[in-house]
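Working notes, structure below.
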2 protein chains.
Amino acid sequence: MSRAEPGGRRHAAQQAPELTGQAEDYLKAIYELEQGDAAAGTNAVASRLGIAAASVSGMLQRLARLGLVHTERYRGTRLTESGRAVALQLIRRHRIIESYLVSRLGFAWDDVHDEAERLEHAASTELIERMAHDLGNPTADPHGAPIPTVEGKVDERRFGSLASLEVGATARVSRMSDRDATLLRYLAARGIRPGASVRVVSREAFDGPIVVTVDRKQRTISPAAAANVWVEGEAAAVHTKRSAGASGRSSARRKR
Amino acid sequence: MSRAEPGGRRHAAQQAPELTGQAEDYLKAIYELEQGDAAAGTNAVASRLGIAAASVSGMLQRLARLGLVHTERYRGTRLTESGRAVALQLIRRHRIIESYLVSRLGFAWDDVHDEAERLEHAASTELIERMAHDLGNPTADPHGAPIPTVEGKVDERRFGSLASLEVGATARVSRMSDRDATLLRYLAARGIRPGASVRVVSREAFDGPIVVTVDRKQRTISPAAAANVWVEGEAAAVHTKRSAGASGRSSARRKR
DNA sequence: AACGTATTTTAGTACGTACTAACTTTTCTG
DNA sequence: CAGAAAAGTTAGTACGTACTAAAATACGTT
């Protein structure tokens, strides 16, 4: 969108920095890429947003000027408190919109991500809160992702992925990535949805298919798909395998 | 919004010109300003959009290049067939969104215009059609404005304004401008809403207040407000008074 | 027809955002 | 530790969109 919005003069009001939609997207991407102590890398941000790394460098400087991120040259970027607040509100919007579209307008759960991605920048706080209220203030979206509160609190527990469960382990599906509709349909076809109970029956060598029991039915799942499913439960073993930033190969270059 | 969207290369596909939100706004403004044979003037477009006339000149050239408008230098602008189609779809979106917000999310009718103004650019066709379906495919929005169909048909009858009714005349309120919340509250407070039945009891000289009976109760209305209320009915006399373009002094310069 | 006013366009500038190409810094690996 | 690969930055450009100031055109009036 961006109306020109003459970058310079912004009323020094505490909050309300009048961000463009793009800027918000950067903040959200950084939020999702930062983990614990690791700052978000420029390339990771670029590939998540589907734009060139050089473009990201530029925007990060702007965001730094606005006090929304801290950047250490060549070293990575992390959100400041106020950047984090913006990101969390955007995520709140996104997840409430997804929930609303599924519950009230009959959208399929694999079909709401893109819609929410656009609406989250256009919806007013009033609209979001009305939707939330109408839904009974849900705490998780249709993919199991926790919804930040108005005050910016969110459940930040990290779960292990289904791909890293040991053979024999049992767990409950907590959430899954919502960024790829094909993946969601693949998972739905196998009964994998938030709340489902899974048990790993066997795994093939060389990253072969994983055989699991899902709510008592036996199913085969590719490790790539399983890597995007997070589970919690008794025996969620860890074997992390550093796949940071690689969840969902969404480096699909923007349309152009 | 505008992602850069490198203006040049657009797949020559029949439709789907991938317009920016701003461009859509121009088309809508031109649609609303054109009447019959009169082309929309640059200044009128500028003041409706709250931007400088010079900026409009530039954009109109771009829209002309895209085949969405015809411009005759120094003479005015009108939509081409495809520009008109875009405008009508945008208006459909706007009015369905307004209807939905009022009927399903409890918004006040004077509070939906700005929200719709933003959402109309972000909502997918699928979302709009789901909303429309959920509402039972309404044909008018909460302010009485007709909703264009998916095929781009719309009731284009022009009604006389309440301000131009003769003393003694009776009419039914058909619609009113939705662009000014204060106006809408003013009208609502006087019982003026689509479908209400009005009779002009008397009018003061020098553009003084108009006394009307609204659904049997007697009320006073300022001529400026009455000019933004359109009525149909037996004795809707004409006395047109050329107020074209002046409905709602919305030249409020954009926030900056 | 001539003048003044209103309308519209051009010229020049700014900013957000993106791109490619070339360069720099960091990190990995032999 | 040296060289290569990976990651990140700068430089230069483009485009959409807006602005102000100045010039051009149209129109209404005497």
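Protein chains get the first letters and strands the later ones, always in sequence-line order, with residue 1 at the start of each. All of these numbers come straight from a predicted model, not from anything done at the bench.
Of the two residues near DNA chain C, A/A53 and A/R73, the one whose nearest nucleotide lies more 5' is A/A53. Closest-nucleotide positions on DNA chain C for A/A23 and A/A54 were compared, and the one nearer the 5' end corresponds to A/A23.
Closest to the side chain of B/I51, out of D/dA18, C/dT9, C/dT8, is D/dA18. Side chain of B/T20, nearest nucleotide from C/dT9, D/dG16, D/dC19: D/dG16. Comparing C/dT10, D/dA18, D/dT17 by their closest approach to the side chain of B/S55 singles out D/dA18. Closest approach to the B/R62 side chain among C/dT8, D/dT17, C/dT27 is made by D/dT17 (side chain taken as heavy atoms from C-beta onward). Picking from C/dA18, D/dA24, C/dT25 the nucleotide with the shortest atom distance to the side chain of B/Y74 gives D/dA24. Closest approach to the A/R75 side chain among C/dT17, D/dT10, C/dT27 is made by C/dT27 (side chain taken as heavy atoms from C-beta onward).
OP1 or OP2 of C/dC15 has not a single side-chain nitrogen or oxygen of A/R65 nearer than 4.0 Å. For the OP1/OP2 pair of D/dG16 and a distance below 4.0 Å, the side-chain nitrogens and oxygens of B/Q22 include no atom meeting the criterion.
Rounded to whole Å, atom C1' of C/dC15 lies 12 Å from atom CE of A/M59. In this structure, the CG atom of B/N43 is 18 Å from the P atom of D/dT25, given to the nearest Å. Per the geometry, CD belonging to B/E72 stands 13 Å off C1' belonging to D/dT25, to the nearest Å. The CD-P distance, from A/E18 to C/dG16, rounds to 13 Å in whole Å. Distance A/E24 CD to C/dG16 P: 15 Å, rounded to the nearest Å. Residue A/H121 contributes atom NE2, which lies 11 Å from atom P of C/dT17 at whole-angstrom precision. For the pair A/L49 CG and C/dG16 P, the interatomic distance rounds to 18 Å; values are reported in whole Å. Rounded to an integer number of Å, the gap from CG of B/L19 to P of D/dC15 is 17 Å.
For the pair B/E117 and B/R179, the salt-bridge criterion is not met [side-chain N within less than 4.0 Å of a carboxylate O]. Remark: A/E24 does not engage A/K28 in a salt bridge, criterion side-chain N to carboxylate O under 4.0 Å. Look at B/R92 and B/E129 and you find a salt bridge, because one of the NZ, NE, NH1 or NH2 atoms lies within 4.0 Å of a carboxylate O, short of that distance.
Here the shortest heavy-atom pairing between B/L88 and B/P148 reads O-CG, 3.6 Å.
Taking the ring axis of B/F159 as reference, the NZ or CZ atom of B/R175 does not stay both within 45° of it and closer than 6.0 Å to the ring centre.
Using a 4.0 Å heavy-atom criterion, one finds that B/T42 contacts the sugar-phosphate atoms exclusively. Here A/Q61 lies in heavy-atom contact (under 4.0 Å) with sugar-phosphate atoms only. In this structure, B/G41 reaches the sugar-phosphate backbone alone: every heavy-atom distance under 4.0 Å involves primed, P, OP1 or OP2 atoms, never a base.
For the atom pair CD (A/E120) and CD1 (A/I96), the distance works out to 12.0 Å, reported to the nearest 0.5 Å.
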